[in-house]
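Working notes for the structure below.
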Amino acid sequence: MTAKERVAAFLAPHQPRGFCDERLARALGIVPATACRTTMKAVRSSSFIREYGVCSDCGVSRLVTRASR
(Lines give C-alpha, C1' and ligand atoms only; values in the text may rest on other atoms or scores of the structure.)
Protein backbone atom coordinates (compact mmCIF):
# COMPACT_ATOMS: atom_id res chain seq x y z
CA MET A 1 0.00 0.00 0.00
CA THR A 2 1.37 3.43 -0.92
CA ALA A 3 1.77 6.25 1.58
CA LYS A 4 -1.14 8.10 -0.07
CA GLU A 5 -3.38 5.05 0.28
CA ARG A 6 -2.35 4.67 3.91
CA VAL A 7 -3.11 8.33 4.65
CA ALA A 8 -6.51 8.00 2.95
CA ALA A 9 -7.30 4.81 4.86
CA PHE A 10 -6.42 6.54 8.14
CA LEU A 11 -8.21 9.87 7.56
CA ALA A 12 -11.48 8.61 6.07
CA PRO A 13 -12.83 6.90 9.21
CA HIS A 14 -11.61 9.80 11.40
CA GLN A 15 -13.56 12.42 9.45
CA PRO A 16 -13.98 15.34 10.27
CA ARG A 17 -10.93 15.27 12.56
CA GLY A 18 -7.72 16.84 11.24
CA PHE A 19 -4.21 15.62 11.97
CA CYS A 20 -0.81 17.32 11.71
CA ASP A 21 1.94 15.69 9.66
CA GLU A 22 3.82 14.51 12.75
CA ARG A 23 0.81 12.69 14.19
CA LEU A 24 -0.10 11.19 10.82
CA ALA A 25 3.48 9.98 10.46
CA ARG A 26 3.45 8.48 13.94
CA ALA A 27 0.11 6.72 13.35
CA LEU A 28 1.23 5.31 10.00
CA GLY A 29 4.84 4.45 10.86
CA ILE A 30 6.33 6.82 8.27
CA VAL A 31 8.65 9.81 8.60
CA PRO A 32 7.05 13.27 8.93
CA ALA A 33 8.60 14.48 5.65
CA THR A 34 6.86 11.65 3.81
CA ALA A 35 3.58 12.50 5.53
CA CYS A 36 3.96 16.13 4.48
CA ARG A 37 4.68 15.32 0.82
CA THR A 38 1.89 12.77 0.73
CA THR A 39 -0.75 15.07 2.20
CA MET A 40 0.25 17.92 -0.12
CA LYS A 41 -0.30 15.58 -3.09
CA ALA A 42 -3.51 14.15 -1.62
CA VAL A 43 -5.25 17.52 -1.39
CA ARG A 44 -5.00 17.87 -5.16
CA SER A 45 -7.50 15.05 -5.49
CA SER A 46 -10.09 17.13 -3.55
CA SER A 47 -10.72 14.19 -1.24
CA PHE A 48 -8.77 15.95 1.50
CA ILE A 49 -8.53 19.43 2.99
CA ARG A 50 -5.27 20.87 4.31
CA GLU A 51 -5.66 23.96 6.47
CA TYR A 52 -4.48 25.62 9.66
CA GLY A 53 -6.30 24.28 12.67
CA VAL A 54 -5.89 22.31 15.87
CA CYS A 55 -4.55 18.78 15.49
CA SER A 56 -7.08 16.30 16.84
CA ASP A 57 -4.31 14.18 18.34
CA CYS A 58 -1.72 16.54 19.84
CA GLY A 59 -3.94 19.61 20.32
CA VAL A 60 -1.41 22.01 18.80
CA SER A 61 -2.53 24.68 16.34
CA ARG A 62 -0.74 23.94 13.07
CA LEU A 63 -1.30 22.78 9.48
CA VAL A 64 -3.64 19.78 9.56
CA THR A 65 -5.12 17.46 6.94
CA ARG A 66 -8.60 15.96 7.07
CA ALA A 67 -10.87 14.01 4.79
CA SER A 68 -13.40 16.18 2.97
CA ARG A 69 -17.07 15.37 3.24
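Please read these numbers as outputs of a predicted model, since none were measured by experiment.
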In Å and rounded to the nearest 0.5 Å, what is the CD to CZ distance from Gln15 to Phe48? 9.5 Å

For Ser47, is there any backbone N or O sitting under 3.5 Å from a side-chain donor or acceptor partner on Ser68? yes

So, for Tyr52 and Leu63, which heavy atoms are closest and what is the spacing to 0.1 Å? CD2-N, 3.7 Å

Flag if over 12 foreign heavy atoms under 6.0 Å of CZ, Arg26: no

Give the minimum heavy-atom separation between Ala8 and Pro13, together with the two atoms involved. O-CD, 4.5 Å

Within this structure, what is the CZ-CG distance for the pair Arg17 and Asp57, rounded to the nearest 0.5 Å? 7.0 Å

Quick check: closest heavy atoms across Pro32 and Asp21, and the distance to 0.1 Å? O-CB, 4.2 Å

Got a second to check how far Leu24's CG is from Cys55's SG, nearest 0.5 Å? 7.5 Å

Taking all atoms of both residues into account, what is the closest heavy-atom pair of Ala67 and Leu11, and its distance? CB-O, 3.9 Å

In Å and rounded to the nearest 0.5 Å, what is the OG1 to NZ distance from Thr39 to Lys4? 11.5 Å

Minimum heavy-atom distance between Val54 and Val64, given as atom pair plus value: C-CG1, 4.0 Å

Which pairs pass ring-ring contact (aromatic ring centres under 6.0 Å, His included) with one or both residues in residues 18-42, sequence neighbours excluded? Phe10-Phe19, His14-Phe19

Which atoms form the tightest heavy-atom contact between Gly18 and Arg66, and what is the distance? CA-CB, 3.7 Å

Kindly compute the distance separating CZ (Arg23) from CZ (Arg62), expressed to the nearest 0.5 Å. 8.0 Å

